[in-house]
Amino acid sequence: MPEGPELHLASCYINTVCAGLIFSGKVEKSEVSKNPEVPFESDAYVISAVSRGKEVKLTLMPLKGQSQNGPQQPMDVVFRFGMSGSFKFTPEAELPKHAHLRFYTKESPRRALCFVDFRRFGRWEVDGTWQLDRGPCVMLEYEKFRENVLKNLSDKAFNKPICEALLNQKFFNGIGNYLRAEILYRLKIPPFEKARTVLEALQHPKQSPGLTLSKKVKLKRENPDLLELCHVVPMEVVRMGGKGYGPEHSDDSAAFEAWLQCYYVPGMRSLRDGNGRTIWFQGEPGPMAPKGEKSRKKSSRKGQITNRVKLCLEQHKLSDRKKEASEEVTKPAAKRRPKSSSCQEKGVTRSGRKKGKELVPGAEHGKAAEAREPSTRPRRKAAASQEPPAREAPAAAAKRRVPARRSAGTAAAATRSRRVKAE
DNA sequence: CGTCCACGTCTAC
DNA sequence: TAGACCTGGACGG
């Protein structure tokens, strides 16, 4: 769920499903969550939500005249979704797995508004306020957002490549990994061009004397600049409705995937940025691109999928980094993960990667020795322009991985039905 | 079964 | 600038 559009759609979802509903009692937190208990209790209260960038604020409002034992004051709880947070409203008998915070209705078979977050990177704050160092919302406070960027271009945040600056929530509250790729792709801005260089050009927009006002307006609308796209692109996702980028398979998620033009799209290139995050793009990486990095272009998608069902099934498919084309096969690669420990619920030793830098240990020989291969998502329209160098190794290496989702109908149904138990 | 990857922050060295 | 923090799907062996 987690970029600006998903948070905003979550707030809309909450307001829709909770409209006219009365909640009652205490707020329950799962045992496993390390987030704070929410000390709110009321015989009758209503819930509403608002979003700002990558945060959602829930307001719990007691109904007047319902407080016999000490008037409970209204309470705000601010949520950040981490990598997997979302809200879901379900019957109490069908609580989703990983429902870490639950608000119950006053009706008889109760229902519950749940904050669901399987990875538990999400956070909430009791009596919370918008995080202080996050900037204006790119979707709902566009003018303030734009001014906050253009008036602070001397900030060192803009010394970074534009693709990294776009993830800085102090200036781009709401932009995340798929949005930065989609936004830069629309203008074909090299992701590793210096942010300040790209943004300074927007301070003094070139005039077009001679044009009528309406012509100028039209021109502007048809040629949005980078900051306008930081508003428009996420708004496109909001207007699609549904849940945006989420794990549930549905017509909505299929529409979302069809909407993506760059992120995880076959034919696009990808690199790890300075923070180890994958940036998807087309064309040149730009002057500040990490050197000796592994680029991975994709490979052409071979078997085109023609079957509709397959398209739905398809989804993502990631690919694998190391490519066998180079003879890299033998090297295990030196990255290893520090397995910390922890995990009371089971002894898990998880992993996670970090920087893509040394992916291919010895391989620095010139060209990109590897090929990752992205995925296969809905078919893009005829991929007309490919990039220059698709000249990867022969067709070799092209394995795709398919992240999540399974069949549309069945998956959704299956997911819905099971999931009764909570942690 | 082990490795890699994922829509994001946080905080310690 | 690294880890930490988590679960789980897709792959490879």
Side-chain angles (χ1 to χ4, degrees), chain A residues 1-7 9-10 30 32-35 53-55 79-86 97-98 100 116-123 131 133-134 160 164 167-170 172-182 234 237 243-249 253 256-257 260 263-264 270 272-278 280 290 296 313-322 324 329 332-333 335-359 370 372-376 397-406 411 415 423:
Chain A
M1 287 251 103
E3 293 183 29
E6 289 74 27
L7 281 273
L9 287 166
S30 70
V32 67
S33 173
K34 292 173 183 169
N35 278 304
K54 273 186 246 183
E55 296 185 301
F79 294 80
R80 259 160 268 131
F81 288 13
M83 295 285 269
S84 58
S86 68
K97 198 172 179 181
H98 310 295
H100 299 300
V116 183
D117 180 16
F118 77 89
R119 294 185 68 181
R120 277 181 269 151
F121 290 169
R123 301 273 119 96
Q131 204 163 249
D133 41 14
R134 302 185 78 104
K160 307 231 176 173
E164 292 176 25
L167 292 185
N168 186 333
Q169 305 299 296
K170 180 172 178 181
F172 299 91
N173 191 6
I175 301 302
N177 208 26
Y178 79 74
L179 284 171
R180 69 171 178 173
E182 295 298 313
V237 178
K243 304 217 326 187
Y245 188 10
E248 294 279 288
H249 219 328
S253 64
F256 173 78
E257 293 184 5
L260 291 172
Y263 185 74
Y264 261 113
S270 66
R272 293 309 184 94
D273 69 14
N275 297 310
R277 301 264 259 149
T278 301
W280 290 85
R296 265 88 222 29
L313 300 183
E314 244 1 39
Q315 272 0 11
H316 280 171
K317 286 172 149 205
L318 317 221
S319 67
D320 177 29
R321 89 188 12 351
K322 60 222 13 201
E324 20 279 45
V329 189
K335 53 165 35 2
R336 240 352 1 118
R337 170 66 341 26
K339 36 198 37 198
S340 56
S341 57
S342 79
C343 253
Q344 50 288 60
E345 323 183 58
K346 312 167 134 201
V348 184
T349 62
R350 254 332 12 146
S351 67
R353 53 64 274 288
K354 212 29 189 187
K355 294 236 133 270
K357 306 281 199 191
E358 31 32 327
L359 282 200
E370 54 288 60
R372 173 200 256 21
E373 174 220 255
S375 74
T376 270
K399 315 179 159 292
R400 38 228 326 103
R401 293 181 173 224
V402 179
R405 305 107 178 71
R406 38 202 92 269
T415 300
E423 320 195 337

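Note that these values count all heavy atoms, side chains included, but never hydrogens, waters or copies made by symmetry. Order of the sequence lines fixes the chain letters, A, B, ..., with proteins taken first and strands second; residue numbering starts at 1 for each chain.
The CG-P distance, from A/Asp117 to C/dC6, rounds to 11 Å in whole Å. Atom CZ of A/Phe172 is separated from atom P of B/dG8 by 15 Å (rounded to the nearest Å). The separation between A/Asn177 atom CG and B/dG8 atom P is 6 Å, rounded to whole Å. Rounded to an integer number of Å, the gap from CD of A/Glu55 to P of B/dT9 is 9 Å. Straight-line distance from the CZ atom of A/Arg119 to the P atom of C/dG8: 11 Å, rounded to whole Å. One atom, CD of A/Glu3, and another, P of B/dT9, lie 9 Å apart when rounded to the nearest Å. Separating the CE atom of A/Met83 from the P atom of B/dC4 is a distance of 17 Å, rounded to the nearest angstrom. Distance, A/His100 NE2 to C/dC6 P: 10 Å, rounded to whole Å.
Looking at the side chain of A/Phe118, the nearest of the listed nucleotides B/dC10, C/dT7, B/dC7 is C/dT7. Comparing B/dG8, B/dC5, B/dC7 against the side chain of A/Arg272 picks out B/dC5 as the nearest.
Close to C/dC5, at under 4.0 Å from its OP1 or OP2, lies no side-chain N or O of A/Lys34. For B/dT9, the OP1/OP2 oxygens have no side-chain nitrogen or oxygen of A/Arg277 closer than 4.0 Å. Within the structure, every side-chain polar atom (N or O) of A/Arg123 is placed at least 4.0 Å from both OP1 and OP2 of C/dC5. A/Gln131 has no side-chain polar atom (N or O) that falls below the 4.0 Å cut-off from OP1 or OP2 of B/dT9. Under 4.0 angstrom from either OP1 or OP2 of C/dG8 there lies at least one side-chain N or O belonging to A/His98. Side-chain nitrogen and oxygen atoms of A/Ser84 include none within less than 4.0 Å of the OP1 or OP2 phosphate oxygen of B/dG8. Contact annotation: A/Gln169 side-chain N/O to B/dT9 OP1/OP2 distance is under 4.0 Å. An OP1 or OP2 oxygen of B/dC7 is reached within less than 4.0 angstrom by no side-chain nitrogen or oxygen of A/Lys243.
Distance noted for atom P between C/dA4 and B/dT3: 16 Å (whole Å). Taking atom P in both C/dG3 and B/dC5, one finds a spacing of 16 Å when rounded to whole Å. Comparing C/dG8 with B/dC10, their C1' atoms sit 23 Å apart, to the nearest whole Å. Only the P atoms considered, C/dC5 is 12 Å distant from B/dC13, to the nearest whole Å.
Just one residue in the list A/Glu55, A/Arg80, A/Gln131, A/Arg134 forms a side chain to side chain contact (heavy atoms under 4.5 Å, CB included) with A/Gln169, and that residue is A/Arg134.
Across all strands shown, B/dC7 forms no Watson-Crick or G-U wobble pair with both key distances under 3.5 Å.
Using a distance-only test at 3.5 Å, with no hydrogens or angles considered, a donor-acceptor pair links the side chain of A/His100 to the main chain of A/Asp117. For the pair A/Glu3 (side chain) and A/Lys54 (backbone), a donor-acceptor distance under 3.5 Å is absent. In this structure, the side chain of A/Asn168 engages the main chain of A/Lys170 through a donor-acceptor pair within 3.5 Å.
For A/Phe121 and B/dT9, the ring-to-base geometry does not satisfy the stacking test (centroid distance below 5.5 Å, interplanar angle below 30°).
Across all strands, A/Arg134 comes closer than 4.0 Å only to sugar-phosphate atoms, never to a base (heavy-atom distances). No contact: A/Glu182 has no heavy atom under 4.0 Å from any strand.
Looking at every heavy atom in both residues, A/Pro2 comes nearest to A/Ser84 through CG-N, 4.2 Å.
Taking the six-membered ring where the residue is Trp, A/Tyr178 and A/Tyr263 present tilted rings, their angle falling between 30° and 60°.
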